[in-house]
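Below is one structure, written out as structure tokens; comments come after it.
Numbers for residues simply follow the sequence, beginning at 1.
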Amino acid sequence: MKRRKRVFSMVIALVMVLGMLPETSLFASSIDDYKNVTVLAGNITAIDEAKTVGVTLGGGTDYCTVYTQTGGDPYFTVDLANVSLSGKVLGIKYKGTANRKIANDWMYLESAEGGWGPSGGGMLTTSKLVCDEGWQFTTYNIATELTGDGTNEHEIRNTQVDTIRIGAISTTGGVLNVAYVGLFDSEADAQKYDELFCK
């Protein structure tokens with residue numbers, strides 16, 4: 001009987017200790033825990049206007065807006081704050097003019113040392129960015145989708161990246177709304193952030 005009481009007491013003590021330990025989770029529990037996300041909602045200052053061509057910018061409550069002023073290759077640039085892309089997933093929340101495409105076939109990443117695209121941080125295809133007047137959340141797996149490093153156009157490059165150059169809508173008068181651009185540890189983590197952002 002005493003032995004049973006002792007075992008029962010030990011179980012109770014263990015449950016109490018476990019209850020005092022901090023909770024662990026695969027994901028951040030609060031949107032404030034995500035550090036490598038550039039939120040553009042209502043904040044055009046998150047866009048580097050010195051590296052922006054052929055567009056005008058407008059702020060909103062839930063997103064900023066990029067208006068295409070001239071055709072050809074209009075683009076804007078978002079600061080990624082010199083973050084390593086190694087093992088990351090890039091996520092973009094956006095909405096574009098229906099039946100229009102993003103200018104240029106690539107988004108260009110700029111390395112912290114300078115240089116865009118193949119000579120710098122590499123490139124990501126814009127063909128995944130769908131414009132149909134609805135909000136979209138598109139992700140890129142850096143380990144498999146980043147190309148170009150100046151040596152071999154199709155060689156994956158994981159590097160410190162300073163900015164990302166994103167094409168605007170290709171035709172004059174096009175409208176692209178962008179809520180955020182972020183780097184995440186996994187596809188699941190990116191989806192979790194989007195859930196929190198949309199609440």
Side-chain angles (χ1 to χ4, degrees), residues 31-32 34-70 73-86 88-97 100-131 135-142 145-148 157-170 174-185 189-190 193-194 196-198:
I31 200 166
D32 298 323
Y34 288 85
K35 305 302 180 193
N36 295 324
V37 181
T38 299
V39 179
L40 302 178
N43 180 16
I44 60 174
T45 59
I47 293 178
D48 186 344
E49 293 194 58
K51 296 177 181 177
T52 293
V53 171
V55 302
T56 56
L57 304 171
T61 303
D62 301 316
Y63 51 84
C64 78
T65 304
V66 181
Y67 302 96
T68 302
Q69 295 300 314
T70 60
D73 185 18
Y75 60 84
F76 61 103
T77 304
V78 177
D79 182 16
L80 287 181
N82 194 15
V83 175
S84 173
L85 293 182
S86 182
K88 298 291 184 181
V89 169
L90 177 76
I92 302 175
K93 185 79 169 187
Y94 66 97
K95 177 172 68 171
T97 303
R100 293 289 183 266
K101 68 184 290 287
I102 303 295
N104 209 316
D105 295 331
W106 302 97
M107 290 186 290
Y108 294 99
L109 303 178
E110 181 182 39
S111 68
E113 299 80 31
W116 263 336
S119 63
M123 305 180 297
L124 294 164
T125 178
T126 60
S127 62
K128 290 177 67 173
L129 300 181
V130 176
C131 297
W135 281 104
Q136 307 286 340
F137 179 51
T138 299
T139 58
Y140 293 85
N141 184 321
I142 297 301
E145 297 185 71
L146 185 67
T147 64
R157 181 176 175 101
N158 291 326
T159 187
Q160 295 292 118
V161 168
D162 191 45
T163 59
I164 178 171
R165 169 178 151 179
I166 304 173
I169 297 295
S170 58
V175 177
L176 183 67
N177 298 316
V178 186
Y180 65 82
V181 177
L183 287 168
F184 305 93
D185 291 332
D189 208 37
Y193 178 85
D194 194 56
L196 292 169
F197 185 87
C198 293

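Contact detail for Ala46 and Val39: the closest heavy-atom pair is CB-O, 4.1 Å. The nearest pair of heavy atoms linking Val175 to Thr97 is N-OG1, 2.7 Å. For the residue pair Asp162 and Ser111, the shortest heavy atom distance occurs at CB-O, 3.9 Å.
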Discussion item. Set out, in order, the CA-CA distance, both residues' side-chain angles and the distance that settles side chain to side chain contact (heavy atoms under 4.5 Å, CB included) for Asp185 and Lys88, then state yes or no.
Written reply: CA-CA 5 Å; Asp185 291 332; Lys88 298 291 184 181; 2.6 Å; yes

Practice prompt. Apply the test side chain to side chain contact (heavy atoms under 4.5 Å, CB included) to residues Tyr75 and Tyr108: give CA-CA distance (whole Å), side-chain angles for both, the deciding distance (0.1 Å), then the verdict.
Written response: CA-CA 10 Å; Tyr75 60 84; Tyr108 294 99; over 6 Å; no

Worksheet item: Given the rule in the side chain to side chain contact (heavy atoms under 4.5 Å, CB included) test, do Thr68 and Arg100 qualify, once you have shown the distances and angles that lead to the verdict?
Response: CA-CA 12 Å; Thr68 302; Arg100 293 289 183 266; over 6 Å; no

Item to complete: Please lay out, stage by stage, how Asp105 and Thr125 fare under the test side chain to side chain contact (heavy atoms under 4.5 Å, CB included).
Response: CA-CA 6 Å; Asp105 295 331; Thr125 178; 5.7 Å; no

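Distance alone, capped at 3.5 Å, places no donor-acceptor pair between the Thr138 side chain and the Val130 backbone. With hydrogens and angles disregarded, no donor-acceptor distance shorter than 3.5 Å links the side chain of Thr163 to the backbone of Thr77.
The distance from the CG atom of Leu124 to the CG atom of Leu109 is 5.0 Å, given to the nearest 0.5 Å. Of the inter-residue distances, the one linking Ile44 atom CD1 with Glu49 atom CD reads 5.5 Å to the nearest 0.5 angstrom. Separation of atoms CG (Asp62) and CG (Asn177) is listed at 10.0 Å; rounding is to 0.5 Å. Distance check: Asn104 CG to Ile166 CD1 gives 12.5 Å after rounding to the nearest 0.5 Å. In this structure, Ser86 OG and Leu146 CG are separated by 11.0 Å, a value rounded to the nearest 0.5 Å. From Met107, atom CE reaches atom NZ of Lys128 across 8.5 Å, with rounding to the nearest 0.5 Å.
Here the side chains of Tyr34 and Phe197 are not in contact, with every heavy-atom distance at 4.5 Å or above. Residues Leu40 and Ile47 form a side-chain contact, since some pair of their non-hydrogen atoms from C-beta on lies under 4.5 Å apart. Residues Phe76 and Leu176 form a side-chain contact, since some pair of their non-hydrogen atoms from C-beta on lies under 4.5 Å apart. Using a 4.5 Å cut-off on side-chain heavy atoms (C-beta onward), Cys131 and Ile102 make contact.
Partners of Asp194 under the salt bridge (charged side-chain N to carboxylate O under 4.0 Å, His left out) rule, at least two apart in sequence or in another chain, are Lys93. Scored by the side-chain contact (heavy atoms from CB on, under 4.5 Å) test, Leu80 finds Val161, Ile164, Val181 as partners (sequence neighbours excluded).
Within 6.0 Å of the OH atom in Tyr140, the count of heavy atoms belonging to other residues, nucleotides or ligands exceeds 12.
Between Tyr180 and Tyr193, the ring center distance clears the sub-6.0 Å criterion.
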N/O donor-acceptor pairs under 3.5 Å from side chains in residues 52-61, not counting sequence neighbours:
residue	atom	partner	partner atom	Å
Thr52	OG1	Asp48	O	2.8
Thr56	OG1	Gln69	NE2	3.1

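Classified by interplanar angle (parallel below 30°, tilted 30° to 60°, perpendicular above 60°), the ring pair Phe137/Phe184 is perpendicular.
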